[in-house]
Amino acid sequence: MNKKLVIIDGNSLMNRAFYALPDLMNKEGLHTNAIYGFTTMLFKIIDEYNPTHMSVAFDLKAPTFRHKQYENYKAGRKKMPDELRVQVEPLKELLDAFKINRLEMEGFEADDIIGTVSKIAEEDNFEVIIVTGDKDAIQLASNKTKILITKKGITELEIYDYDEVLKRYELTPDQFIDLKGLMGDKSDNIPGVPGIGEKTGIKLLKEFETIENLVQNTDKLKGSVKKKIEENIDTALMSKRLATIVRDMPVDIDIDELKLENYDEQKIIKLFNTFGFNSLIKRISMNKEVVEEKDIKSVLINNDNIDFVIDEIKKKKYMYLKTVTKKGNILDKNIIYMFIGLEQDKVYYINEEICILKLKDVLESEEIEKYGYKLKEEYIALRSYDIDIKNMKFDIVIGEYLIDATSSNYLHDNLAAKYMGKNINSEEELLGKGKKAKKFEELEEDVLVKYFNNLIEVVIGIKNEMEKTIDEYEMQELFYDIEMPLIEVLGYMEYEGFKVDIEKLEQLKEEYSTIIKNLEDNIYEMAGEEFNINSPKQLGVILFEKLELPIIKKTKTGYSTNAEVLEKLRPEHEIIDKISEYRQIVKLQSTYVDGLLNIINNKSKRIHSSFNQTITTTGRISSTEPNLQNIPVRLEMGRNLRKVFIPSEGYSLVDADYSQIELRVLAHISDDENLIKAFESGEDIHTSTASKVFDVDIKDVDSEMRSAAKAVNFGIVYGISDFGLSKNLNIPAKKAKEYIDNYFDKYPNIKKYMDDIVEKAKSDGYVSTVLNRRRYIPEINSKNFIVKNLGKRLAMNTPIQGSAADVIKIAMVNVYKKLKEENLKSKLILQVHDELIIEALEDEIDEVEKILKNEMENAVNMKVRLSIDLNTGKSWYETK
DNA sequence: AACGTCACG
DNA sequence: ACGTACGTGACGTTG
């Protein structure tokens, strides 16, 4: 095999990566962009060139022989920024894990090491590849040595071999040194001959070949060039010496030591993990010669032999579980396979309904713990078989969400890479993506079996370590008592759905269509032409070019036409009102009326939203397809839509919402005496805040003061800034700052909370809720002012929003449990952050209200009491 | 796929 | 001086 050496200029490449990539950080706030860029480059080079030998050369801090020759060498160079400096040692550690040789030598620069090693390698008949961001290395090009230089960014490389240098510079690589001697080098502070640049330099060297020859023959020059050279002979010679890369350093280098060995995979994965390089973890396992590919034997179980599996489950008292379903109605039987794992290498699967039904007992047994991946899917899939799965005890997706709520990827292949260092076939690799994506039911059985066997084994492989982390983070209560039981509650709400009045919805559709049509006509007439009102771009042209209205604000793509801008333009032209109205109704029509009509379940005639438990960074749940957490309420026109959300025959809706839960949570966390007192007094909280901030008697607070105070309270919850408040209240920032200062004066412990939590985020890297839910805030250590300030607001807001989320989740679990215990027919069907909705049987309304009040107000014990408002009605609209 | 806009807590 | 309120999801347009 050909011997091939890749030698990299470590400092140079790190530098390039550092400046080319945005400021990446891991969750503890370690900057990682240079490491990341370097590593991707490393992968690329290994992939493309497949070297047998490799080394990375680094500069050391100590002065080199060049400094001794010329005291100004590299003078004036900026020192390495701290954000880059902190990445050097971790990168070296990573290289060690890769078993890639590192070279550094006191008194010499990386370039000299590279020059010396490449020479030794050339003599030993190696093919040599030098990777650097610095053009100086071009002098080393030869017919055996290629120089790769990073182009813009770091992913693109320019290749210089001997011929390429000749072509580009009309000089040999050796002459490149002379050229630099003449031109000098700003970044190294090599003087060169003043007034001689690249053009003249090349011309001279083409004629005289070297500087030495040139200075001997200055008589052949004329004019200003002659003068410049003659006056700078010594400088030119010295500059050439400085620019010459040493190729014979007095060292013994055994090139065999640069040989690539098998890298330490576990260590690399561990390091990638701390850096947060999840995508690279996948790549590292892919790069392995042999991907672990043992024959997977999940055992197919049928009706004749399933009893022995059931016995085994009962003995173990747990089961790992995954159902595979075909696409279809949530209410139908859709399971095509069910996988059951008991331990590593012991996975069974079934594909007959009769077998599923035989498992009903163990699935519904409180004694048998269920472990899995996205267990809500199992709950829902089994409901149509009349199986009510119990004791879902461990879900690795929920676990990972608690460990890192800012992660955007909880897919099993990613978790396998992180926890097990394994490269697993992902769902996207199995099914494809986008429009061409296949469905599970379209795949061959053996392919599916292999995939789901892997998935089960991932859950088995991860559970133990994840348990330890949950213990370490003291999240046992949050995980086992709240988030895990919540899975069933959310699954239940999805399966039950929310009834809608379809006729009413269709009637609204007609009404809105007529209004929209009229508005369109009006707007076209006022504009003098037809255009797409829904296009901000076209609308912008009409408003700001044709009608020449004043430009209030710009977006990065053009004119802003949002509601705030339109409000300011209102007095300018009568078209504005029509556009605002049009926007409002089109929104209602497209998102809500059409959106809802599209998604009504044809069997239940109800809406089955999906509730996601692992999306938000603060701990809230989110709702999709449709989003039932943003149904209009603020404006009457939109609020009417709530009339279509109705209970079943014989039922009513009972709606319970927490009063000021976030401010109450804040009072508790901050232990602020005044805010606690304000809640105890029973006084309206915004009025009470107004009386403090504006220093007037409660009875003298007018509505303007109250609404200003309300904005201040919102600001406090969001992580206050004078700018934000001033914008919201439309007052000068100075005035806003006065309000804030006043507020903190009157509520000193809140001020203390804000200061302390920001400090905590800085020192620990994360903040926590009352139940130890955690969010990492790397933003807070950013050098970027904007990002850092965002970090501060996140630190202030997350414990408040997150603790409120904790509280309502506890209430949900307890309300759900209570309804079940008491065998009530009433159903919990929706949560909207601080609000629960129960579809209550008429006869049970009193009991349901009692349960809601009791469980919600006593969900946690805080320094201020929690309070809810209760409303009952025949539509969501009526429960106000 | 990104952007602007707008609905909610 | 730097430019922002916190957390979401859906729609239509545009590139």
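- Using a 4.0 Å heavy-atom distance criterion, A:Ala711 is classed as a base contact.
- Listed for the A:Lys605 side chain is a donor-acceptor partner under 3.5 Å among the backbone atoms of A:Asn602.
- Heavy-atom distances under 4.0 Å link DNA chain C to A:Leu725, A:Lys727, A:Asn728 of residues 725-739 of chain A, given in residue order.
- Residue pairs meeting the salt bridge (charged side-chain N to carboxylate O under 4.0 Å, His left out) criterion with at least one partner in residues 492-501 of chain A, sequence neighbours excluded, are A:Lys376-A:Glu494, A:Arg383-A:Glu496, A:Glu496-A:Lys827.
- Of the residues in residues 793-814 of chain A, those lying under 4.0 Å from DNA chain C by heavy-atom distance are A:Arg793, A:Leu794, A:Asn797, A:Gln801.
- Between A:Ser623 and A:Ser609, the side chains place a donor N or O and an acceptor N or O closer than 3.5 Å (distance only, hydrogens not considered).
- Residue A:Thr618 has no polar side-chain atom (N or O) positioned under 4.0 Å from OP1 or OP2 of C:dG7.
- One can place CZ of A:Phe723 at 12 Å from P of C:dC6, the figure rounded to the nearest angstrom.
- Only the P atoms considered, B:dG4 is 13 Å distant from C:dA5, to the nearest whole Å.
- Taking the side chain to side chain contact (heavy atoms under 4.5 Å, CB included) definition, one finds that A:Lys727 meets it with A:Glu564, A:Phe723, sequence neighbours left out.
- A:Ile740 places its CD1 atom 12 Å from the C1' atom of C:dT4, with the value rounded to the nearest Å.
- Heavy-atom distances under 4.0 Å link DNA chain B to A:Gln629, A:Asn630, A:Ile631, A:Pro632, A:Val633, A:Arg634 of residues 626-646 of chain A, given in residue order.
- Distance from the side chain of A:Ser721 is smallest for C:dA5 among the nucleotides C:dA5, C:dG12, C:dA10.
- The backbone N or O of A:Asp684 lies less than 3.5 Å from no partner atom in the side chain of A:Ser688, so there is not a single donor-acceptor pair.
- When heavy atoms are screened at a 4.0 angstrom cut-off, A:Asn532 is found touching the sugar-phosphate backbone but no base atom.
- When the P atom of C:dA10 is taken as reference, atom CD1 of A:Ile615 falls 10 Å away, rounded to whole Å.
- Within the structure, every side-chain polar atom (N or O) of A:Thr624 is placed at least 4.0 Å from both OP1 and OP2 of C:dT8.
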Query raised in the report: For DNA chain C, what dot-bracket results from Watson-Crick or G-U pairs at under 3.5 Å, with [ ] for crossers and | for inter-strand partners?
Result: .....|||||||||.

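- The aromatic rings of A:Phe531 and A:Tyr524 sit perpendicular to each other, their planes meeting at more than 60°, with 30° as the lower class boundary.
- The separation between A:Ile661 atom CD1 and C:dG7 atom P is 18 Å, rounded to whole Å.
- Nearest to the side chain of A:Asp834, among C:dA5, B:dG9, C:dC2, sits B:dG9.
- Applying the side chain to side chain contact (heavy atoms under 4.5 Å, CB included) rule to A:Lys433 yields the partners A:Glu428; only residues at least two apart in sequence or on another chain are considered.
- Looking at heavy-atom distances under 4.0 Å, A:Asn789 makes contact with a base.
- In this entry the distance linking CG of A:Leu543 with P of B:dG4 reads 17 Å, nearest Å.
- Rounded to an integer number of Å, the gap from CD of A:Gln613 to C1' of C:dT8 is 16 Å.
- C:dT4 and B:dT5: their P atoms are spaced 15 Å apart (whole Å).
- Here A:Gln538 lies in heavy-atom contact (under 4.0 Å) with sugar-phosphate atoms only.
- Atom NZ of A:Lys710 has 12 or fewer heavy atoms from other residues, nucleotides or ligands within 6.0 Å.
- Side-chain contact between A:Asn728 and A:Phe714: absent, with no pair of heavy atoms (C-beta onward) separated by less than 4.5 Å.
- Note that CD of A:Glu581 and CD1 of A:Ile516 are 10.5 Å apart. Values are rounded to the nearest 0.5 Å.
- One finds no side-chain N or O of A:Lys792 lying less than 4.0 angstrom from the OP1 or OP2 phosphate oxygen of C:dA5.
- Heavy atoms of A:Glu662 sit nowhere under 4.0 angstrom from any nucleic acid atom.
- Rounded to whole angstrom, the span from the CD atom of A:Glu779 across to the C1' atom of C:dT4 amounts to 14 Å.
- Counting only residues at least two apart or on different chains, the salt bridge (charged side-chain N to carboxylate O under 4.0 Å, His left out) pairs with a member in residues 619-643 of chain A are A:Arg620-A:Glu662.
- Evaluation of the side chain to side chain contact (heavy atoms under 4.5 Å, CB included) rule for A:Ser535 yields A:Asn532, A:Lys537, A:Gln538 as partners, not counting sequence neighbours.
- Looking at heavy-atom distances under 4.0 Å, A:Val717 makes no contact with the nucleic acid at all.
- The side-chain contact (heavy atoms from CB on, under 4.5 Å) test with A:Gln584 is passed by exactly one of A:Leu635, A:Ile579, A:Ile515: A:Leu635.
- Near DNA chain B, meaning a heavy atom under 4.0 Å from it, residues 556-593 of chain A has A:Lys556, A:Thr557, A:Ser560, A:Thr561, A:Asn562, A:Ala563, A:Arg583, A:Lys587, A:Tyr592 in order of number.
- Between the side chain of A:Gln589 and the main chain of A:Lys509, a donor-acceptor pair closer than 3.5 Å is present.
- Between the side chains of A:Tyr559 and A:Glu545, at least one donor N or O sits under 3.5 Å from an acceptor N or O.
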Per-pair distances, 0.1 Å, donor-acceptor, side chain in residues 736-743 of chain A, under 3.5 Å, sequence neighbours excluded:
{"from": "A:Lys737", "atom 1": "NZ", "to": "A:Asp741", "atom 2": "OD2", "distance (Å)": "3.0"}
{"from": "A:Asn742", "atom 1": "ND2", "to": "A:Val693", "atom 2": "O", "distance (Å)": "3.0"}

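- When the side chain to side chain contact (heavy atoms under 4.5 Å, CB included) test is applied to A:Asn518, the partners found at least two apart in sequence or on another chain are A:Thr514.
- Geometrically, A:Arg774 engages A:Tyr766 in a cation-pi contact, judged by NZ or CZ lying under 6.0 Å from the ring centre and within 45° of the ring axis.
- In this structure, A:Tyr401 places its OH atom 12 Å from P of C:dG7, rounding to the nearest Å.
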